[in-house]
Asks: 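To start, I am sharing the structure in question, which I have written as structure tokens.
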Amino acid sequence: MPVPWLDFIRYFPGVPIFFFISGFLIYQSFANISAPDRLRIFATNRYLRLFPGLYVCIVFSLILTYCSGYFSTVSISPGEWLIWLSTQLTFLQFFNPDFMRGYATGKLNASLWTISVELQFYFLTPVIFFLYRKHKKISVGLFLIFVVLNTANSFLNPRESVLERLFNVSFVPWIAMFASGAYVSINKNLQSRLLKINILVPLFAYLIAYHFTLKFNLGYDNSINFLSFILLGWLIFKAAFTLPSLSEYVLHKNDISYGLYIYHMPIVNFMIYKGMTDSYFFLAIALASSAIIAMLSWRYVEKPALKLKRVSLRHT
């Protein structure tokens, strides 16, 4: 079923936006910790934000796939189950087993590859913090190198061999996006200048740049060229501070963003496998189901887990 407005959504690729926002928030989170055991606190807080919701999502995904009837059509050895579950519960969420190739899109939850990259960002955040504080020239040089590697991944990496695919899910082609958000988060003068400019300026600048990007195949979607990415980051930053109370008014402090991110594909895959794809009614079901599950995840899994963050502030 064609959905015309998806062409407009294509102008705003999710992965680059996610990595920019992540850099802005995660670097700030680390920088704001002043306790002597900063690394332990940071690691504990990141674990509590990421893994409780992810573990429940994995169970939910397996239950949903079982209910679809797919598991009765394939033979899966205990060893295959063990390998797959160990990857999903640790840091190799990009791994997709052969026994899932026949299910819907062929990947149970393709969105989760970014969690593997995000975990690498977490490990590198203290390094980025140290380099920027102590060796700014080296930081700038490394940033430019990673911009080049990002571009190379977009245009020169077909992602066919194992090494090519592993490179794509490493931090190397994406860290410049994360670092861009991190830089904006600590540069108050830059923030002030960006916020003074009307949001229509970055909006039109980005839309024009991305239009030519699509027209001349200059790198789009997750492979967006870095100039367009900078304009996109500016737009996202400006949008976040234009109506800061809007999300609170709509969602009443319920943060369903992570839940939407991890739960939507299991729901979509279930519907594809069951043939529920030929009407806007099914689209509405997919959207509503994802939002409801995300809300439940926030209220009963993620939010209670985040309340444990205070434990990580106690010295042992």
Side-chain angles (χ1 to χ4, degrees), residues 1-3 5-10 12-19 21-22 49-71 73-74 76 80-81 83-119 159 165 168-169 174 221-223 254-298 300-302:
M1 180 193 68
V3 184
W5 48 266
L6 286 181
D7 290 335
F8 177 73
I9 292 179
R10 187 185 182 190
F12 302 93
V15 169
I17 292 174
F18 172 50
F19 287 160
I21 295 175
S22 178
R49 184 64 187 102
L50 208 63
F51 282 99
L54 178 62
Y55 291 159
V56 175
C57 178
I58 292 171
V59 174
F60 172 83
S61 301
L62 290 174
I63 292 174
L64 206 58
T65 308
Y66 174 81
C67 291
S68 75
Y70 175 74
F71 285 143
T73 69
V74 292
I76 309 171
E80 289 176 310
W81 274 117
I83 291 172
W84 180 71
L85 287 174
S86 65
T87 62
Q88 302 308 294
L89 297 174
T90 53
F91 59 92
L92 301 172
Q93 286 78 17
F94 59 84
F95 175 73
N96 187 54
D98 289 338
F99 62 76
M100 289 304 304
R101 303 288 182 185
Y103 182 63
T105 61
K107 295 181 180 180
L108 180 58
N109 198 341
S111 301
L112 296 188
W113 72 270
T114 55
I115 287 186
S116 296
V117 178
E118 188 74 3
L119 286 169
R159 301 165 178 82
R165 291 196 295 269
N168 186 62
V169 296
W174 309 107
D221 293 339
N222 292 342
S223 297
N254 293 298
D255 184 359
I256 65 172
S257 58
Y258 182 56
L260 286 173
Y261 158 52
I262 61 177
Y263 279 102
H264 75 280
M265 276 311 299
I267 293 171
V268 168
N269 273 325
F270 175 86
M271 296 181 70
I272 290 175
Y273 188 73
K274 301 301 287 185
M276 303 165 66
T277 59
D278 58 352
S279 75
Y280 285 106
F281 174 71
F282 290 136
L283 174 62
I285 289 178
L287 293 173
S289 299
S290 298
I292 291 171
I293 297 300
M295 180 66 75
L296 292 173
S297 175
W298 167 251
Y300 299 108
V301 181
E302 300 164 52

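What you see is a predicted model; the values in this text were computed from it and never measured.
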Asks: Taking side chain to side chain donor-acceptor pair (under 3.5 Å) as the definition, give me every residue that meets it alongside Thr105, ordered by chain and number, with sequence neighbours left out.
Replies: Asn269
Asks: Just by distance, no angles: are the side chains of Ser223 and Asp221 close enough, under 3.5 Å, to form a donor-acceptor pair?
Replies: no
Asks: Fit a plane to each ring of Tyr70 and Tyr273, take the angle between them on a 0 to 90° scale, and name the class: parallel (under 30°), tilted (30 to 60°) or perpendicular (over 60°).
Replies: perpendicular
Asks: Can you tell me how the ring of Trp84 sits relative to the ring of Phe99, calling it parallel under 30°, perpendicular over 60° and tilted otherwise?
Replies: perpendicular
Asks: Quick one: CG on Leu92 to CG on Leu112, what's the gap to the nearest 0.5 Å?
Replies: 12.5 Å
Asks: Decide if atom OH of Tyr55 counts as having more than 12 heavy atoms of other residues, nucleotides or ligands within a radius under 6.0 Å.
Replies: yes
Asks: In terms of ring plane angle, is the pair Tyr261 and Tyr258 parallel, tilted or perpendicular, where the classes change at 30° and 60°?
Replies: tilted
Asks: So with a 6.0 Å cut-off around OH of Tyr66, is the heavy-atom count from everything else above 12?
Replies: no
Asks: So does Phe91 have more than 12 non-hydrogen atoms from other groups sitting under 6.0 Å from CZ?
Replies: no
Asks: Hey, could you give me the OG1/CG distance between Thr114 and Leu119, rounded to the nearest 0.5 Å?
Replies: 9.5 Å
Asks: If I compare all heavy atoms of Val117 with all of Phe19, which pair ends up nearest, and what's the gap?
Replies: CG1-CZ, 3.7 Å
Asks: Can you tell me how far CZ of Phe94 sits from CZ of Arg165, rounded to the nearest 0.5 angstrom?
Replies: 10.0 Å
Asks: Could you give the distance from CG (Asn96) to CG (Asn109), rounded to the nearest 0.5 Å?
Replies: 10.0 Å
